[in-house]
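The structure appears right after this line, and notes come after that.
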Amino acid sequence: MLATAAGLALLAAVSPAAILVCAVYLGSVSPRKTTLLFLAGAITMTVVMGVIVLAALRAGGMSLPSNRTPRYGLRLGLGVLALGSGVFMALRKPKPPDPDKKKKPGLMARMMARPGPLAAFATGIVVFVPSAAFVAAVQVIATAHTSTLASALTLAAVVLIDVMFVWLPFLFHLVAPGATTRLLKAFNGWLRVHGHALVAGALTVAGVLLILDGVSGLA
């Protein structure tokens with residue numbers, strides 16, 4: 001259970017937006033305080049949604065042996081959703097910016113422009129709205145026949161993995177702030193070019209794995 005849930009959580013953690021926000025906040029006037037609030041928002045969103053999904057699936061009896069068909073049907077459905085999203089993203093390449101047209105800043109850009117405490121916390125919530133891969137990781141826990149303690153510990157591990165690209169840069173910044181900021185800025189340059197394909201690939205991989213698991217369970 002832990003290996004499967006952790007693998008899906010790792011795919012869910014592939015978030016260029018989270019790394020971009022981290023780079024901006026770690027380069028702000030109050031880098032540690034702002035990033036910690038961003039992390040707090042991210043953890044709040046993932047924990048709340050993780051508990052809701054877990055409780056809903058457990059209440060539906062998805063972990064019971066008699067519900068094998070609905071359990072694997074759910075995995076198949078999540079796999080189709082993730083695969084469809086990945087293929088859609090792969091086919092719908094982002095349009096290059098028009099130099100003659102001034103683009104209006106989006107919600108995320110406006111929130112990051114003023115990295116105050118409330119804005120940083122809210123940005124963490126917005127950036128970490130659960131993806132199909134995260135929901136799939138939680139459903140692995142919910143549909144496993146394990147104790148409450150084991151489920152809680154596995155969910156905690158999934159949450160930590162999902163937000164790893166926030167707390168890892170923060171820890172590195174505590175040790176080497178200058179080098180971490182430079183590395184994040186350089187990595188963001190690469191993500192601006194390849195981030196779209198990276199997310200599409202992560203969704204596609206998660207979708208294929210869930211479809212194979214769902215089909216094998218229903219066969």
Side-chain angles (χ1 to χ4, degrees), residues 1-19 42-92 125-168 194-219:
M1 175 184 68
L2 177 58
T4 303
L8 290 168
L10 186 59
L11 291 172
V14 178
S15 173
I19 301 174
I43 292 177
T44 299
M45 171 59 83
T46 51
V47 169
V48 169
M49 292 307 300
V51 170
I52 289 175
V53 173
L54 180 64
L57 292 177
R58 282 285 171 89
M62 284 295 183
S63 61
L64 299 176
S66 59
N67 284 336
R68 178 183 178 87
T69 298
R71 180 165 61 247
Y72 283 99
L74 174 63
R75 295 183 186 182
L76 178 61
L78 287 171
V80 171
L81 177 63
L83 179 60
S85 301
V87 172
F88 177 77
M89 285 191 67
L91 295 177
R92 188 177 179 274
I125 291 177
V126 172
V127 170
F128 282 89
V129 170
S131 64
F134 177 78
V135 174
V138 177
Q139 68 82 32
V140 169
I141 305 170
T143 56
H145 190 62
T146 57
S147 66
T148 302
L149 178 59
S151 298
L153 292 175
T154 307
L155 179 61
V158 165
V159 170
L160 286 176
I161 294 172
D162 187 54
V163 300
M164 64 184 293
F165 289 115
V166 181
W167 60 262
L168 269 178
H194 303 285
H196 187 84
L198 189 64
V199 174
L203 284 170
T204 302
V205 171
V208 170
L209 291 176
L210 286 167
I211 288 174
L212 291 176
D213 187 37
V215 170
S216 65
L218 292 173

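Throughout, numbering of the chain's residues begins at 1 and tracks the sequence. Just the heavy atoms: all of them, side chains too, but no hydrogens, waters or symmetry mates, feed the values below.
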Q | All side chain to side chain contact (heavy atoms under 4.5 Å, CB included) counterparts of Ile52, not counting sequence neighbours | A | Val48, Met49

**Q.** Nearest-0.5 Å distance that lies between atom CG in Leu155 and atom CG in Asp162
**A.** 10.5 Å

Q) Looking only at heavy atoms, what is the nearest atom pair of Leu218 and Gly73, with distance? A) CD2-N, 4.0 Å

Q | 4.5 Å side-chain heavy-atom contact, Phe128 and Ile43 | A | no

Q.
Please report the interatomic distance CG(Leu153) to OG1(Thr148), rounded to the nearest 0.5 Å.
A. 11.0 Å

Q.
When you compare the side chain of Thr154 with that of Val140, does any pair of heavy atoms fall below 4.5 Å?
A. no

Q. Between Pro130 and Met45, is any pair of side-chain heavy atoms under 4.5 Å apart?
A. yes

Donor-acceptor contacts under 3.5 Å from residues 80-90 side chains, at least two apart:
residue : atom : partner : partner atom : Å
Ser85   : OG   : Leu81   : O            : 2.9

Q. Which heavy atom of Ala137 sits nearest a heavy atom of Val158, and at what distance?
A. CB-CG1, 4.1 Å

Q) Considering all heavy atoms of both residues, which atom of Leu57 and which atom of Ala142 are nearest to each other, and what is their separation? A) CB-CB, 3.5 Å

**Q.** Rounded distance [0.5 Å steps], OG1 in Thr46 versus CG in Leu160
**A.** 8.5 Å

Q.
Less than 4.5 Å apart, side chain to side chain, heavy atoms only: is that true for Leu76 and Ile211?
A. yes

Q | Approximate separation, where rounding is to 0.5 Å, of Thr4 OG1 and Arg75 CZ | A | 7.5 Å

Q.
Test of understanding: with side chain to side chain contact (heavy atoms under 4.5 Å, CB included), list the residues that count as partners of Phe165, not counting sequence neighbours.
A. Ala13, Ile19

Q. At their closest point, which heavy atom of Ala133 faces which heavy atom of Ala206, and how far apart are they?
A. CB-CB, 4.3 Å

**Q.** Nearest heavy-atom neighbours spanning Val129 and Val126
**A.** CG2-O, 3.2 Å

Q | Nearest heavy atoms of Ser15 and Val127, plus distance in Å | A | OG-CG1, 4.2 Å

